[in-house]
Amino acid sequence: MTSRLQESLLDPKNAIFDEVVPSGRGFTHELSAGQAFRIVDLEGNQAVDTLFYNARDLDERYSASDTVRGQRNLYLTTGTRLLSSEGRTMLDIVADTCGRHDTIGGACSAESNQVRYALDKKFMHSCRDSFLLALSRYGRGMSKRDLASNINFFMNVPVTSDGGLSFADGLSGPGHYVEMQAEMDVIVLISNCPQLNNPSNAYNPTPLEVLIWDGDVA
């Protein structure tokens, strides 16, 4: 997929919400339809595992397969519609200064750390842990059954010639961002990836920034 670099016209000074999420931490927040939502890679080369849920019907959530099929491409960038399990648009990517984002590499977990790296890596912190902790704090009865295939914003996961996946150095630099506009009321679930065993975070997890604006940004 050709990268579609597009800067935003929105001024951070006008954001109604601005929070820095430390590396390895989870984050949840509800967006209203029409709001703009930006994730900033503050120091560069940081993977941001993300899921979205319909805030009015939690059984409807982001669908990687529907999104990939709908745009006939594996990677996400400006112009991508993030589709739900019901085939509806949850958010549109309206600005992107990185150019390509993954949605097939999945979230790291105790099990994948053990299989991919070493038996003694099983108990290292993982995105699955961060997702579950954030959901438990959010308090709407969501659990591991609600975790679906996620987006990995800023993460570089090339498909190899034999159909496999490789976790490569990221394409993002300090201050790069991706911005979306919500088409429905959604719950955002983020794990700011703590992974230390592959180059997706340059072996050095760093903070991210989340900003929200009211109004139409298209």
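FYI, side chains are in, hydrogens and waters are out, and symmetry mates aren't considered; it's all heavy atoms of this structure.
The CG atom of N14 lies 11.0 Å from the CG atom of D214; values are rounded to the nearest 0.5 Å. The structure places CG of D96 at 6.5 Å from CG of L5, a figure rounded to the nearest 0.5 Å. Considering CG of L51 and OH of Y62, their distance stands at 9.0 Å, rounded to 0.5 Å. Annotation: the span from D41 atom CG to Q46 atom CD amounts to 6.5 Å, rounded to 0.5 Å. Note that CZ of R38 and CD1 of I212 are 12.0 Å apart. Values are rounded to the nearest 0.5 Å. The CD1 atom of I190 sits 4.0 Å away from atom CD1 of I39, with the distance rounded to the nearest 0.5 Å.
What you find for M90 and N54 is that their closest heavy atoms are CE-N, 3.5 Å. Shortest non-hydrogen contact noted between W213 and A15 is NE1-N, 3.4 Å. Residues N45 and L171 approach most closely at OD1-N, 4.5 Å, considering heavy atoms. Closest of all the heavy-atom pairs between A64 and S149 is CB-CB, 4.0 Å. Scanning both residues, G106 and N152, for their nearest heavy atoms gives O-ND2, 3.1 Å. Nearest approach of L42 to L208, heavy atoms of both residues: CD1-C, 3.8 Å.
Here the side chains of Y75 and T77 are not in contact, with every heavy-atom distance at 4.5 Å or above. At least one side-chain heavy atom of Y138 sits under 4.5 Å from a side-chain heavy atom of I187. Between V178 and V48 the shortest side-chain heavy-atom distance does not fall below 4.5 Å. Side-chain atoms of V188 and V210, non-hydrogen and from C-beta on, never get closer than 4.5 Å to each other. Taking the side chain as every heavy atom from C-beta outward, H29 and E19 never approach each other to under 4.5 Å. Using a 4.5 Å heavy-atom threshold, the side chains of N73 and T80 count as separate. At a threshold of 4.5 Å between non-hydrogen side-chain atoms, the residues R100 and N156 count as touching. Residues S32 and D185 are in side-chain contact: their nearest non-hydrogen atoms beyond the backbone lie under 4.5 Å apart.
Heavy-atom contacts from other residues, nucleotides or ligands closer than 6.0 Å to CZ of R137 number 12 or fewer.
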Evaluate the criterion side-chain contact (heavy atoms from CB on, under 4.5 Å) for residue pair Q35 and I16; output intermediate values, then yes/no. CA-CA 10 Å; Q35 288 186 322; I16 64 168; 3.5 Å; yes
Could you please spell out the steps behind the side-chain contact (heavy atoms from CB on, under 4.5 Å) verdict for Y53 and L189? CA-CA 8 Å; Y53 302 85; L189 173 63; 3.8 Å; yes
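Pairs of residues two or more places apart, or lying in two chains, that qualify as salt bridge (Lys or Arg N to Asp or Glu O under 4.0 Å) and include a residue from residues 62-74 are D66-R69.
In terms of modelled atom types and a separation under 3.5 Å, the side chain of D92 and the main chain of V94 share no donor-acceptor contact. When atom types are taken as modelled, the side chain of D49 and the backbone of C193 share no donor-acceptor pair closer than 3.5 angstrom. Proximity of a side-chain donor or acceptor of S85 to a complementary backbone N or O of R61 within less than 3.5 Å is detected.
Cluster membership check: L58 does not share its hydrophobic cluster with L83, using side-chain heavy-atom separations under 4.5 Å among Ile, Leu, Val, Met, Phe, Trp and Tyr.
Remark: F153 pairs with H101 by the ring-ring contact (aromatic ring centres under 6.0 Å, His included) rule, at least two apart or across chains.
Checking E183 against T89 by side-chain atom types alone, no donor-acceptor pair falls below 3.5 Å.
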